[in-house]
Structure formats: structure tokens, C-alpha cells
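Down below is the structure, laid out as C-alpha cells.
Predicted model only: the values in this text are computed from it and were never measured. If you read the sequence from its start, that first residue is 1, and numbering goes on from there.
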Amino acid sequence: MGKQSTQSPESTKLSVLNCIDLSNPNINQSVNFLKQACLDSGFFYVVNHGISQEFMDEVFAQSRKFFSLPHKEKMKILRNEKHRGYTPVFDELLDPENQVHGDYKEGYYIGVEKDEDEPESKKPFYGPNKWPAPDVLPGWRETMEKFHRETLEVGKAVAKIIALALDLDANYFDQPEMLGEPIATLRLLHYEGQISDPLKGLYGAGAHTDYGLITLLATDDVSGLQICKNRYAKPQIWEDVAPLKGAFIVNLGDMLERWSNCVFKSTLHRVLGNGQERYSIAHFIDPSHDCLVECLPTCKSDIIHPNFLPSYSGTT
């Protein structure tokens, strides 16, 4: 979700991203590395995040099992109005100006579980999840719910370092109306192995920026993710982001760019297929609907004015 690109001739190079080690006792070093990344590209790696490689491998194995199901079985749990469930190939069109059809990917949405009788379930992105039948994929729900919980905790740990990088209290984003009751959507993704061609409008995922606060992305070892630091450049320069085993690739969303008064960047990115099957899992982490997004106190002054009017998270 977010802003799209403008098509033009392109060049590509390999991106070099900073690596944030969550086990590093030198918090000042982590803050400096993260701040540098947020000012430069809005993308960075996170390692030693507390989720074991064994469990990461199990989650990807379970993701493959789901996408290997017959199409008819997957369509039984098609995505609903709460953005829960399965999305088929071509369902999502991220860059309509430049794509001839939807993305060459299928996906599966999982959000924060809310029973239908809870008041919050009436709000967008809140409500009960949709799950494959237990006899079709035994233990699948439990694996994904655990991964949702654990990656959300990683996201909150990253948000603490972001807060410090913005000269805020480390727990600034952990307030109840922010990440205390987040809109946190896990999305399993499967790219079937098509070859992308930007000149023909064919993409694994069209160019876009993410809507929310931050996104955590776990990938297999197949490349495909690209970022463009300056979306207005002609030609656009796209940089390949290499997979890093066991790491999350983290990027900032449009909401954090607004919050920081454009100090930190929400960067255009896309996925190009190279003919190999590819799996990834994105966790989109946003504050609650009731969170007022307005210029942070450390990002304005008597001479630096807010670039955006205050708005609530659900309407930003």
C-alpha cells in the first residue's frame, strides 16, 4: 500500500544495508547504525532477534505446505473484508500505472485474533482469522500464531531503537494507543517462478511504499527484492537487496515518514521474478486505529514546521 512509481529506463546495482544486532549490548552503536539506515534508504537487516533458525525453517516449511495445496482447497479460505485469508495470483495490483496485470504472487493474511463479539472486531483489520482445516494442515494454525507473536515482539524491539534514533524515550511507540494494541498483519507470500520484465509491465510485486510504521520481512535464499532510494530520479536506480539467512529485512512505512516529518524515509520497493520459485513472509506492524499520528516533538522546531496535518492511524 502507498505511493507508486513512475516508469522510465532503469539501472540496477547491489544495495549495501546496515545490520542491526538486537543482542548487541552497545545500544548507542545500534541506534547509530539504525539512524544511518533510516536517513539513507529506510531499509536494514535485523539479526540475533531471538527467533531460532529451526523455528524459522519450520514456518517456511508450513508456508510451502499451504501454497502446495490444490487451488480449490485454497479458495475455500479466500480473503475476506477484514483482510484475512488467501489471495490468489494477480489479486493485488500495487503499481497500476506500470503493471499490465496484478502481481505474480499468491498470499495469505493473518492478523491479531479478535473474536466477533469483541467491540474491536468491528474495526478494519481486526477480527477472527481464517484458517485451513486442521485435518488438511495439522498444527498449521499454532505455528503461524506463534510466529505472529514472536515477530511482533521483534518489531517492538526495533521500534524502541527507532524511538531512540529520533531522540525519544525508548518506550515511546509502546504506548497502549500505539503498539500496545497494534494492527499487526502477517502475510505469507509465494512467487511461482515467473520471469519479470519491467519494460513489459510484468512484476512479482509492483513498485510501492508500505503504508504503516515498519515492515519485517523474512525470505528464503532466492533474490528478487529491489529498492529505489530516489523515486523521482530519471532514470530510476534500483538496488538488489540480498537475502541474509536468519535475518529480517526491515523497512520503514509511510506512517513513520509522516511521524518523523520526512526525517526518516519510506522507500519505494518491488519484487522482480528471476524464474525461481520464491517464498517470503512479511509482518506489517502499525499502531492502533485510535493512534493520532502527528509530527513528533523532536522533529519540529520554531523554524521547522510539520509537513502534514495530524490524522488518526486508521485514516492516515
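Atom SG of residue Cys262 and atom CG of residue Asn307 lie 4.5 Å apart, to the nearest 0.5 angstrom. Summarising the geometry, atom CG belonging to Leu217 is positioned 12.5 Å from atom NE2 belonging to His283; distances are rounded to the nearest 0.5 Å. Between the NZ atom in Lys76 and the NE2 atom in His71 there is a gap of 12.5 Å [rounded to 0.5 Å]. Taking NE2 of His289 as the start and OG of Ser313 as the end, the distance is 7.0 Å to the nearest 0.5 Å. In this structure, the separation between NZ on Lys160 and CG on Leu34 is 14.0 Å, given to the nearest 0.5 Å. Expressed to the nearest 0.5 Å, how far OG1 of Thr151 lies from CD1 of Ile281 amounts to 8.5 Å.
Judged purely by distance below 3.5 Å, without hydrogens or angles, the side chains of Glu277 and His190 pair a donor atom with an acceptor atom. Residues Gln236 and Trp238 bring a donor and an acceptor atom of their side chains to less than 3.5 Å of each other. Side-chain contact check for Tyr86 and Glu106: at least one donor-acceptor pair (N or O, by modelled atom type) lies under 3.5 Å. Defined by atom type and a distance below 3.5 Å, a donor-acceptor pair is present between the side-chain atoms of Thr87 and Arg187. Checking Asp21 against Ser23 by side-chain atom types alone, a donor-acceptor pair falls below 3.5 Å. Between Asn24 and Gln29, the side chains place a donor N or O and an acceptor N or O closer than 3.5 Å (distance only, hydrogens not considered). A donor-acceptor contact under 3.5 angstrom links the side chains of Glu239 and Ser15, judged on distance only. Asn261 and Lys300 are not linked by any side-chain donor-acceptor pair at a separation below 3.5 angstrom, with hydrogens and angles left out of the test.
Qualifying salt bridge (charged side-chain N to carboxylate O under 4.0 Å, His left out) partners for Asp167, counting only residues two or more places apart in sequence or in other chains: none. Partners of Phe43 by ring pair (Phe, Tyr, Trp, His ring centres under 6.0 Å), not counting sequence neighbours, listed by chain and number: His269.
Lys35 NZ: 12 or fewer foreign heavy atoms inside a 6.0 Å radius. Counting non-hydrogen atoms of neighbouring residues, nucleotides and ligands closer than 6.0 angstrom, the CD atom of Gln53 exceeds 12 such neighbours. Summarising the local packing, NZ of Lys130 is surrounded by more than 12 heavy atoms from other residues, nucleotides or ligands at distances under 6.0 Å.
Using a 4.0 Å cut-off between charged side-chain N and carboxylate O, Asp91 and Arg79 make a salt bridge.
Because its NZ or CZ atom is both nearer than 6.0 Å to the ring centre of Tyr279 and within 45° of the ring axis, Arg64 counts as a cation-pi partner of that residue. Figure legend: Lys146 and Phe55 shown as a cation-pi pair, the cationic atom lying under 6.0 angstrom from the six-membered ring centre and within 45 degrees of its axis. Judged by the 6.0 Å and 45° rule, Arg84 forms no cation-pi pair with Tyr109.
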With salt bridge (Lys or Arg N to Asp or Glu O under 4.0 Å) as the criterion, how do Glu113 and Arg149 come out once you've worked through the C-alpha distance, each side chain's angles and the decisive distance to 0.1 Å?
CA-CA 11 Å; Glu113 186 75 28; Arg149 291 193 303 270; over 6 Å; no
